[in-house]
There are 2 protein chains.
Amino acid sequence: MPLPQTEAPGRLVAELLSRGVRMTRQRRTILSVIETASQHLDAAQILRRARKLDPGIDRVTVYRTIRLLKRHGLVDELDLLHLEGEKHYYERHPQRDHLHMACVRCGKILEFESDLFERLKGQIQRDCQFHILVTRVEIGGYCAKCRGNSTDLRSV
Amino acid sequence: MPLPQTEAPGRLVAELLSRGVRMTRQRRTILSVIETASQHLDAAQILRRARKLDPGIDRVTVYRTIRLLKRHGLVDELDLLHLEGEKHYYERHPQRDHLHMACVRCGKILEFESDLFERLKGQIQRDCQFHILVTRVEIGGYCAKCRGNSTDLRSV
DNA sequence: GCGTAATTGCAACGCTGTTGCAACTTCTGA
DNA sequence: TCAGAAGTTGCAACAGCGTTGCAATTACGC
């Protein structure tokens, strides 16, 4: 029987501890929020959820924790084409890169993995002598449901 | 003898006029700044250059013009992985999509076109039934010069 | 040219994210 | 087990990017 796709909870905590980062109550809370999220969360949403678990947590602590995770390459930052304002969204850095498709009409976010993209990265590393650390692919358009329905001009 | 790669100047003006958009002195100035830029400019840089040509131009007009161009799909917005703050950069929407590679050490931006990427887009449209309007690919890492030089941890 | 509708500049605002600092907490080492 | 150094937190204030309301001005079809 195959194991579920989800990774062990607490992996962010373990990862940071193994790198000698101090673990506080607030950090554990914020990390668990990020880790158990089923969708892409922005800083305000992370704060709101963290406060349900520990009401004293401050905005600033959330921002500092996100920065910490970014510096350690444990989360990726997305803006999903700024379909709703200037916020940034965060997700666990995945085992394997994926692309994000955002429907400019209904706002739905789709994710997509592709061998072609892996080959493209290989081509870049070879042809440009560029050592890739992070990738971010955001594609805007109409999802299957919304295509054909309208010629809505939403700012992308 | 092949023509140079650059497109006819004034094409943004022509494009907007053909869509029934009013053309003001300020807009012409801002459009010419964007059109003749050899690098990716942020809003503040666009404003500074526009003011050299027409000192009265206001910040707000620059933002409104950028929004107009985005709505018409005539410019693409990039953030180049926020290597320097939260600004956005703008470039003419190209004939053919290209990827942006940002060196996290020296900040250099490379552009790259690839048939593989065109095939990837085809795959997405087919497999996901997703109608692509814009793409945005930003890749962070070390450029040829900087790779091997350091293990600098810059926030990406 | 006239008139209307769009655009501009100004001021004020909102939101996301950052910084300085005193109080507090974590964690090492004895 | 506990003392001390180093790191972290919360608060308040700030910075920067981008937006909005509004009166004055401008473009452009008729």
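Keep in mind that the numbers below use all heavy atoms, side chains included, and drop hydrogens, waters and symmetry copies. Below, chain A is the first sequence line, B the second, and so on; all start at residue 1.
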Qualifying ring pair (Phe, Tyr, Trp, His ring centres under 6.0 Å) pairs with a residue from residues 28-65 of chain A, counting only residues at least two apart or across chains =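 Applying ring pair (Phe, Tyr, Trp, His ring centres under 6.0 Å) to every pair that reaches into residues 28-65 of chain A, excluding sequence neighbours, yields A:H40-A:H100.
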Answer yes or no: does a side-chain N or O of [X] lie under 4.0 Å from OP1 or OP2 of [N]?
X	N	result
A:T61	D:dG10	yes
A:Y63	C:dT18	no
B:Q26	D:dT26	no
B:R67	D:dT20	yes
B:R27	C:dT7	yes

Please state whether the base of D:dG16 and the side chain of B:R59 form at least one donor-acceptor pair under 3.5 Å?
->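 No.
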Just distance, no hydrogens or angles: give the donor-acceptor pairs under 3.5 Å from side chains in residues 123-133 of chain A, sequence neighbours left out.
unit_1 : atom_1 : unit_2 : atom_2 : d
A:Q123 : OE1    : B:S114 : OG     : 2.8
A:Q125 : OE1    : A:I132 : N      : 3.2

Which part of the nucleic acid does B:A44 contact within heavy-atom distance under 4.0 Å: base, sugar-phosphate only, or nothing?
->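 No contact at all - B:A44 keeps every heavy atom at 4.0 Å or more from the nucleic acid.
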Looking at every strand, decide which applies to B:G56 at a 4.0 Å heavy-atom threshold: base, sugar-phosphate, or nothing.
->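 B:G56: backbone/sugar contact only, no base atoms under 4.0 Å.
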If you pin A:R64 and A:D42 to their nearest nucleotides in DNA chain C, which one's is more 5'?
->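 First, find each residue's nearest nucleotide; the 5'-ward one identifies A:D42.
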To 10°, what angle do the rotation axes through the five end pairs on each side of the helix from C:dG1-D:dC30 to C:dA30-D:dT1 form?
->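 The helix from C:dG1-D:dC30 to C:dA30-D:dT1 shows an end-to-end axis angle of 40°.
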Heavy-atom side-chain proximity of A:D42 to A:E84 below 4.5 angstrom =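 They are not in contact (no side-chain heavy atoms under 4.5 Å apart), so the answer is no.
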Whole-Å distance between D:dT19 C1' and A:K87 NZ?
->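 About 15 Å, once rounded to whole Å.
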If you check every side-chain atom of B:D58, which of D:dC28, C:dC10, D:dT9 has the closest atom?
->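 So the side chain of B:D58 is nearest to C:dC10.
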Proximity to the side chain of A:E86 - top-ranked nucleotide from C:dT7, D:dG18, D:dT8 |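 The answer is D:dG18, which lies nearest to the side chain.
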Closer to the 5' end of DNA chain D via nearest nucleotide, is it B:H88 or B:R25?
->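 Its nearest nucleotide lies further toward 5', so the answer is B:H88.
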By nearest nucleotide on DNA chain D, pick out whichever of B:R28 and B:V60 is the more 5' one.
->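 Taking each residue's closest nucleotide, the earlier one in sequence belongs to B:V60.
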Does a side chain donor of either A:E77 or A:Y90 reach within less than 3.5 Å of an acceptor in the other side chain?
->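 Looking only at side-chain atoms, A:Y90 and A:E77 do form a donor-acceptor pair, the distance falling under 3.5 Å.
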Are B:D79 and B:R136 close enough for a salt bridge, meaning some N to O gap below 4.0 Å?
->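 Salt bridge present between B:D79 and B:R136.
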